[in-house]
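In what follows, every chain begins at residue 1, and chains take the letters A, B, ... in the order their sequences are listed.
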There are 2 protein chains.
Amino acid sequence: MLSSSDTVGRLTRAVGAGLVIDDPDILPSYARDEAQWAPHGTPLAVVRPRTTDEVRAVVRVCGELGVPVVARGAGTGLSGGANAVDGCVVVSLAGMASILRIDPDDKIAVVQPGVVNDDLRAAAAKLGLWYPPDPASAPWSTIGGNVATNAGGICCVKYGVTRDYVLGVEVVLADGQAVRLGRRTAKGVAGYDLCGLFVGSEGTLGIITEVTVRLRSARPAEQTIVGYFDSLAAAGRAVSLIGASDVVPSALELMDRHSLRAVDDWKHLGLTDGANVLLLGRTDAPGEAGDAEAERILDCFRRAGATDSGRSSDEAEADALFAARRLVYPALERLGPVLTEDVCVPRSRVPEMLERIEAAALAHDTTIANVAHAGDGNLHPAILTRAGDEGSRLRAQRVFDIILDDAIALGGTVTGEHGVGLLKMRGLRDEVGPAVLDLHRSVKAALDPHGIFNPGKVISLEPAARP
Amino acid sequence: MLSSSDTVGRLTRAVGAGLVIDDPDILPSYARDEAQWAPHGTPLAVVRPRTTDEVRAVVRVCGELGVPVVARGAGTGLSGGANAVDGCVVVSLAGMASILRIDPDDKIAVVQPGVVNDDLRAAAAKLGLWYPPDPASAPWSTIGGNVATNAGGICCVKYGVTRDYVLGVEVVLADGQAVRLGRRTAKGVAGYDLCGLFVGSEGTLGIITEVTVRLRSARPAEQTIVGYFDSLAAAGRAVSLIGASDVVPSALELMDRHSLRAVDDWKHLGLTDGANVLLLGRTDAPGEAGDAEAERILDCFRRAGATDSGRSSDEAEADALFAARRLVYPALERLGPVLTEDVCVPRSRVPEMLERIEAAALAHDTTIANVAHAGDGNLHPAILTRAGDEGSRLRAQRVFDIILDDAIALGGTVTGEHGVGLLKMRGLRDEVGPAVLDLHRSVKAALDPHGIFNPGKVISLEPAARP
């Protein structure tokens with residue numbers, strides 16, 4: 001049995017001392033992501049590679065020594081997928097942050113995994129191009145992390161998720177080889193979709209060291225349609241009506257009264273003056289087509305019983321409303337620890353899911369603030385607790401589980417865009433069942449036979465940890 | 001060792017005599033798909049199940065006896081993926097042809113694998129909905145076959161391929177279990193994308209017994225933009241210009257003089273009067289946005305040196321041009337055996353790829369008719385031969401290989417939408433390299449440990465057969 005210092009010595013010889021951290025004062029800052037109450041251990045070392053070859057060297061050392069490898073981007077994950085396990089080596093990809101190429105002719109970009117989402121978007125925008133996936137963490141989260149969790153965001157309702165933009169990846173496999181999966185072309189069916197298999201695999205199959213993404217042309221300016229509703233049920237009806245209509249909005253976001261109030265208490269925007277639930281719709285169709293779509297969204301708002309609604313003629317006002325949407329989490333976190341859900345249900349079941357969430361909150365004396373990528377049916381009930389109040393934590397965790405069960409019962413999924421990590425392992429098992437979980441394990445064993453990559457996450461053989 | 005009749009006896013006891021065919025006069029009609037000169041064997045039996053349970057029963061029998069299982073839809077494949085191997089059981093899914101559900105609220109359809117593509121499209125259209133993937137085989141090919149090969153088509157340039165519409169599948173695995181993979185929701189990241197792994201796996205991992213697809217709302221009528229060019233090079237430049245522009249056409253098809261002439265000789269449409277190469281562009285943007293897109297496509301045609309171009313004001317004429325596009329293959333097949341290519345290159349490399357194809361044809365005294373989903377960079381050079389002329393067949397097969405090598409050299413893929421089957425096995429190996437081919441084999445072995453599903457296809461361990 002090797003000691004930690006032997007492992008650090010091997011890593012240092014492999015990649016150089018400057019890239020290896022084993023300072024016990026620094027290691028804790030790499031121990032967890034932003035998931036609330038997800039268990040985590042302490043890494044024996046953190047390595048910050050700059051090249052694929054350095055990643056390969058680290059994986060070879062860890063493979064030989066049987067040391068777990070946990071890959072990490074910016075650590076903004078919300079399911080514990082990047083949490084350290086005791087005695088692991090954390091590989092931080094944050095230093096591999098070069099945009100290697102943007103090709104305007106073929107509309108693709110090739111980036112290292114540590115590139116921050118907003119940095120890629122900004123570089124593309126300079127060339128009149130657009131990288132659509134826009135998770136709320138876009139100012140901080142990395143493309144590698146986005147790919148590992150198949151991140152979503154606000155524009156997914158019309159433009160799809162990270163998976164829809166990843167054409168190819170370079171990955172370091174368990175044996176230390178680097179391979180390229182996927183393609184550079186618009187279409188391709190040469191072999192299995194192994195690139196797609198790595199998207200959303202949360203670091204359990206290998207380490208992503210390069211990503212090739214599709215870009216789109218920059219799009220026309222969006223118009224915003226605002227609807228105020230008395231109840232979640234009425235707002236949910238509006239979401240279902242839009243889903244069944246022939247309009248695909250470029251955004252359809254929901255904020256309930258708890259969310260609005262939390263932002264108001266902090267920023268004093270007057271959002272709660274007369275509003276109980278707010279729906280923000282957008283269209284980016286050009287010209288008169290955009291006007292027609294805006295009117296149809298407005299019509300859905302009205303038919304669902306909006307107490308007030310209208311097209312925002314003021315771009316600054318519309319941007320402020322979306323900025324408020326992005327402030328909901330930090331605003332809620334000011335009030336105490338927040339357990340964030342990420343269920344997704346068929347659009348037609350959004351009203352019923354919102355009702356069930358309200359019922360669960362009531363039954364378990366818990367406050368839930370609802371924010372949602374409502375147009376996708378992707379709901380983020382945020383379960384609020386009081387710091388240090390063990391009872392409120394336990395009730396929150398009970399409600400968290402009830403919401404997962406309700407989502408499954410309505411034909412939905414336990415995670416729309418945050419990933420399974422640690423918090424949704426029980427939910428995954430109940431959603432897919434034992435046979436499909438076994439299939440996951442077969443694939444995992446085929447690609448990572450000694451189980452060095454992110455052990456204990458997603459599909460661990462052990463009974464899943466409750467949050 | 002069991003004899004064939006023992007196997008037939010077991011199958012008959014498992015699913016009933018009426019579903020099992022072992023008549024030697026009928027078996028040959030299930031022995032191959034439409035790939036030219038792809039090797040095929042003779043099945044020992046064909047089973048035509050009507051239910052998932054019957055598929056499970058067949059797979060269990062074959063698994064126990066170690067008999068290969070080759071799944072088959074309508075047999076319209078062009079790579080030999082559905083070709084029988086000697087002594088196999090062919091499972092024809094053509095009889096499982098029910099549209100189980102179309103849900104207009106959530107815009108999804110649930111279908112059995114034998115549903116013909118055009119039948120799904122027609123049923124969706126009645127509800128104001130649209131299933132976009134439109135392979136040329138849509139009047140005959142089945143959704144199950146489309147999923148197994150990740151089929152493309154004309155509208156992919158804007159709307160993506162079959163993979164982009166498959167939300168979930170039910171599959172029968174090697175152990176005879178039926179499992180559901182994927183989801184019904186707009187988003188979801190619960191576990192690995194095993195549904196996506198089955199899409200395009202060409203019957204090598206299991207048998208697809210049900211498919212859940214996304215639908216879109218019916219779209220506005222398309223406008224057609226026609227461009228005539230002196231040379232493939234000029235038409236290729238137009239394709240690259242459109243690819244680099246901010247317009248995504250809803251179709252961008254290319255037909256060269258050989259293709260046009262073959263259709264003219266048959267149907268006397270006058271296509272070759274003054275036309276050498278024809279590009280057909282379409283836009284389905286609504287109203288003035290559509291007019292603006294049409295003008296920008298037209299501008300690209302002109303800048304690339306079109307000898308004539310214009311917006312078609314006559315819908316019947318435009319439809320006739322697209323009908324002619326669909327007639328190219330049957331028209332060419334009137335002239336002799338056709339070896340069809342399916343390479344895909346980055347859009348910016350389309351001009352160079354077209355040049356290389358012309359050069360290969362010239363160097364090897366072969367006639368190649370080019371048709372292409374040009375907007376995707378997906379080229380279908382059709383290598384023409386004379387029936388019974390062994391020399392022309394050998395030259396065609398040599399050129400086929402050269403084109404694969406050229407596509408790889410230009411950063412492309414050996415198959416854009418037809419699949420690997422038998423004809424592209426060498427190409428796949430050279431495109432992805434030995435490490436990635438090994439990764440395929442690991443995944444295959446994990447899901448089909450005894451190799452009963454479609455053995456010898458796609459990633460066979462044996463050196464790949466040349467076409």
Residue part contacting chain B, namely of [X], when any heavy atom lies under 4.5 Å:
X: Glu431(A); result: side chain
X: Leu129(A); result: neither
X: His373(A); result: side chain
X: Pro104(A); result: backbone

**OP:** For the pair Asp105(A) (side chain) and Ser348(B) (backbone), establish whether a donor and an acceptor sit closer than 3.5 Å, ignoring hydrogens and angles.
**Re:** no

Subject >> Heavy-atom donor-acceptor pair, Lys187(B) side chain to Gly152(A) backbone, under 3.5 Å >> reply: no

**OP:** Identify which one of Thr204(A), Val420(A), Leu439(A) satisfies the side chain to side chain contact (heavy atoms under 4.5 Å, CB included) criterion when paired with Tyr192(B).
**Re:** Thr204(A)

Residue among [options] with most heavy-atom pairs under 4.5 Å to chain A:
options: Leu197(B), Val157(B), Leu194(B); value: Leu194(B)
options: Ala151(B), Gly290(B), Ser245(B), Pro220(B); value: Ser245(B)
options: Leu447(B), Leu241(B), Thr185(B), Asp175(B); value: Thr185(B)

Original post:
Which region of Asn378(B), side chain (C-beta onward) or backbone (N, CA, C, O), has a non-hydrogen atom less than 4.5 Å from a non-hydrogen atom of chain A, or is it both or neither?
Top reply: side chain

**OP:** Salt-bridge test for Arg163(A) and Asp193(B): reply yes if a basic N is under 4.0 Å from a carboxylate O, no otherwise.
**Re:** yes

